[in-house]
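See below for the structure under consideration.
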Amino acid sequence: LGDFYEMFFDDALLASKELEITLTGKDCGLEERAPMCGVPFHSVNGYIAKLIENGHKVAICEQTQDPAEAKGLVERQVIRVITPGTVIESSMLDEKTNNYLLSLFKDNNSYGFSGADLSTGEFFISEITSGNQMDKLLDELSRVRPSEILINEDLQMDTSLLDTIQSQFSPYITPYHEWAYQKSNAERCLLEHFKVQSLEGFGCQDMEYGICAAGALLE
C-alpha cells in the first residue's frame, strides 16, 4: 500500500511481536479498528528473512492495477509465497551453505527423497529401500540439513519420525498433495520438465520411491 507492506488482524498481531514493530489500527468498517502494522517496501527483505528464520511463511500481495484507473479498491493479488525452502534472495541466504527444499516420500518402510537448492539449481534424487532405513534417512538429513521438507500422507501419520526429524534438524514441515506423489503423476512431471522420453539418462529410472519424491518436489 503506497510505500509500505501492511499486515492486518492476526497477521499484524503476530508480525508486530516477531519483528518488534509498532502495532496500530485502521478503520475498516467494523465496530473496532483492525490491528495493523507495516514495513517500508525498500527494506522488506530483512523483515521477511526474520519471519522465515522464525518458522513462518510469507505471502506477498501487491497492487496489480494503476490506482488512477481504480474505481473503489485497487486490485491486488498474491504475487509470491516465500517459505524457508524457497528463498532465492542472496540477502536472505548464507552464501557458505546450501538452502535445500527436500521432498520425502514414505511407503511402508521405504523412503524416497529428492532435494533442490533453488538459489543454485542443484537437484538430486535418491531412495532408501533396505538396511536400517530410519538411520540411513536421518544420516541423509544430517548431510543435507534441509530448511524445509515436503511430506506425503504416510509421513504425516508417522508422528514419531516427524518428532525425531523436528528435534534434530528443526526444518519447516509442509504436508503436500498426495496426488503429486503418485508414481504416474510424478514421472510425467519429471519427463515433461526435462523434455525427455525416459529417465534412463539420469540413472534413476528404477528409483520408484525417489521418482515419487522428485516429481512432488518439482510440482
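The two residues S110 and T129 come nearest to each other via the heavy atoms OG-CA, 3.8 Å. Nearest approach of I149 to I165, heavy atoms of both residues: CD1-CG2, 3.9 Å. Scanning all heavy atoms of the two residues, the minimum distance from K50 to E18 falls at CE-O, 3.2 Å. The two residues A12 and L23 make their nearest non-hydrogen contact at O-CD1, 3.8 Å. Closest of all the heavy-atom pairs between C28 and E32 is SG-O, 4.4 Å. For the pair M92 and V87, the tightest heavy-atom approach, listed with the atom from each and the gap, is CB-CG1, 3.6 Å.
L137 and L150 fall into different hydrophobic clusters, where Ile, Leu, Val, Met, Phe, Trp and Tyr residues are linked whenever their side-chain heavy atoms come under 4.5 Å apart, directly or through other members. Under the 4.5 Å side-chain heavy-atom criterion for ILVMFWY residues, no single connected hydrophobic cluster contains both F4 and F8. I125 and L141 fall into different hydrophobic clusters, where Ile, Leu, Val, Met, Phe, Trp and Tyr side chains are chained together by heavy-atom contacts under 4.5 Å. L101 and I173 are members of different hydrophobic clusters when ILVMFWY side chains are connected at heavy-atom separations under 4.5 Å. Side-chain heavy atoms closer than 4.5 Å link hydrophobic residues (I, L, V, M, F, W, Y) into clusters, and following such links, even through other members, never connects L118 to Y172.
If you take CD on E148 and CD1 on I151, they are separated by 11.0 Å, rounding to the nearest 0.5 Å. Between C37 atom SG and M7 atom CE the span is 4.0 Å, to the nearest 0.5 Å. Residue Q205 holds its CD atom at 12.5 Å from CG of L190, rounded to the nearest 0.5 Å. With values rounded to the nearest 0.5 angstrom, M134 atom CE is found 10.5 Å from I128 atom CD1. Atoms CG and CG, from N132 and D139 in turn, are 9.0 Å apart once rounded to the nearest 0.5 Å. Here the straight-line distance linking atom CG of L30 with atom CZ of F9 works out to 5.0 Å at 0.5 Å rounding.
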*Output, in order, the C-alpha distance, side-chain angles, deciding distance and verdict of side chain to side chain contact (heavy atoms under 4.5 Å, CB included) for I60 and V78.*
CA-CA 6 Å; I60 299 177; V78 174; over 6 Å; no
*Given D117 and N98, is the side-chain hydrogen bond (donor to acceptor under 3.5 Å, both in side chains) satisfied, shown in steps?*
CA-CA 6 Å; D117 182 336; N98 286 97; 2.7 Å; yes
*asked:* As a quick check of understanding, evaluate side chain to side chain contact (heavy atoms under 4.5 Å, CB included) for R80 and E62, giving each step before the final call.
replied: CA-CA 9 Å; R80 185 178 173 198; E62 293 190 352; over 6 Å; no
*Residue pair Y100, E122: steps toward the side-chain hydrogen bond (donor to acceptor under 3.5 Å, both in side chains) verdict*: CA-CA 9 Å; Y100 287 115; E122 180 182 352; 2.9 Å; yes
*Which is it for Y5 and Y47 under the ring pair (Phe, Tyr, Trp, His ring centres under 6.0 Å) test, yes or no, and what are the steps along the way?*
CA-CA 11 Å; Y5 284 106; Y47 293 105; over 10 Å; no
*Decide side chain to side chain contact (heavy atoms under 4.5 Å, CB included) for F169 and L138; before the verdict, give the C-alpha distance in whole Å, the side-chain angles of both, and the deciding distance to 0.1 Å.*
CA-CA 9 Å; F169 310 108; L138 294 176; 4.0 Å; yes
*Given side-chain hydrogen bond (donor to acceptor under 3.5 Å, both in side chains), test Q166 with D163 step by step and report yes or no.*
CA-CA 5 Å; Q166 197 69 59; D163 287 345; over 6 Å; no
*Where do L162 and T159 land on the side chain to side chain contact (heavy atoms under 4.5 Å, CB included) test, with the steps shown first?*
CA-CA 5 Å; L162 288 180; T159 55; 5.5 Å; no
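A donor-acceptor pair under 3.5 Å is absent between the side-chain atoms of S43 and the main chain of V39, judged by distance alone. In terms of modelled atom types and a separation under 3.5 Å, the side chain of S147 and the main chain of P84 share a donor-acceptor contact. Between the N152 side chain and the H177 main chain, no donor and acceptor come within less than 3.5 Å of each other. Of the possible donor and acceptor atoms, none in the side chain of R76 sits under 3.5 Å from a partner among the backbone N and O of Q63. Under the 3.5 Å distance criterion, the side-chain polar atoms of E127 are left unmatched by any main-chain donor or acceptor of G112. Judged by distance alone, the side chain of K57 and the main-chain N or O of L51 form no donor-acceptor pair under 3.5 Å. Judged by distance alone, the side chain of E153 and the main-chain N or O of E178 form no donor-acceptor pair under 3.5 Å. For N185 (side chain) and W179 (main-chain N/O), a donor-acceptor pair under 3.5 Å exists by modelled atom type.
Here the side chains of V58 and V81 are not in contact, with every heavy-atom distance at 4.5 Å or above. Proximity of F123 to F194: side-chain heavy atoms (C-beta onward) are separated by under 4.5 Å at one or more points. Put simply, the side chain of S16 does not reach to within 4.5 Å of the side chain of L14, judged on heavy atoms. Side-chain contact between Q197 and L191 is absent, with no heavy atoms from C-beta onward closer than 4.5 Å.
Ring geometry for Y181 versus Y176: interplanar angle over 60°, hence perpendicular rather than tilted (30 to 60°). Ring geometry for F113 versus F124: interplanar angle over 60°, hence perpendicular rather than tilted (30 to 60°).
Residue N109 places its CG atom among 12 or fewer non-hydrogen atoms of other residues, nucleotides or ligands, all under 6.0 Å distant. Residue D10 qualifies as open at atom CG: its count of foreign heavy atoms under 6.0 Å is 12 or below.
Comment: E192 engages R188 in a salt bridge, judged by a side-chain N to carboxylate O separation of less than 4.0 angstrom.
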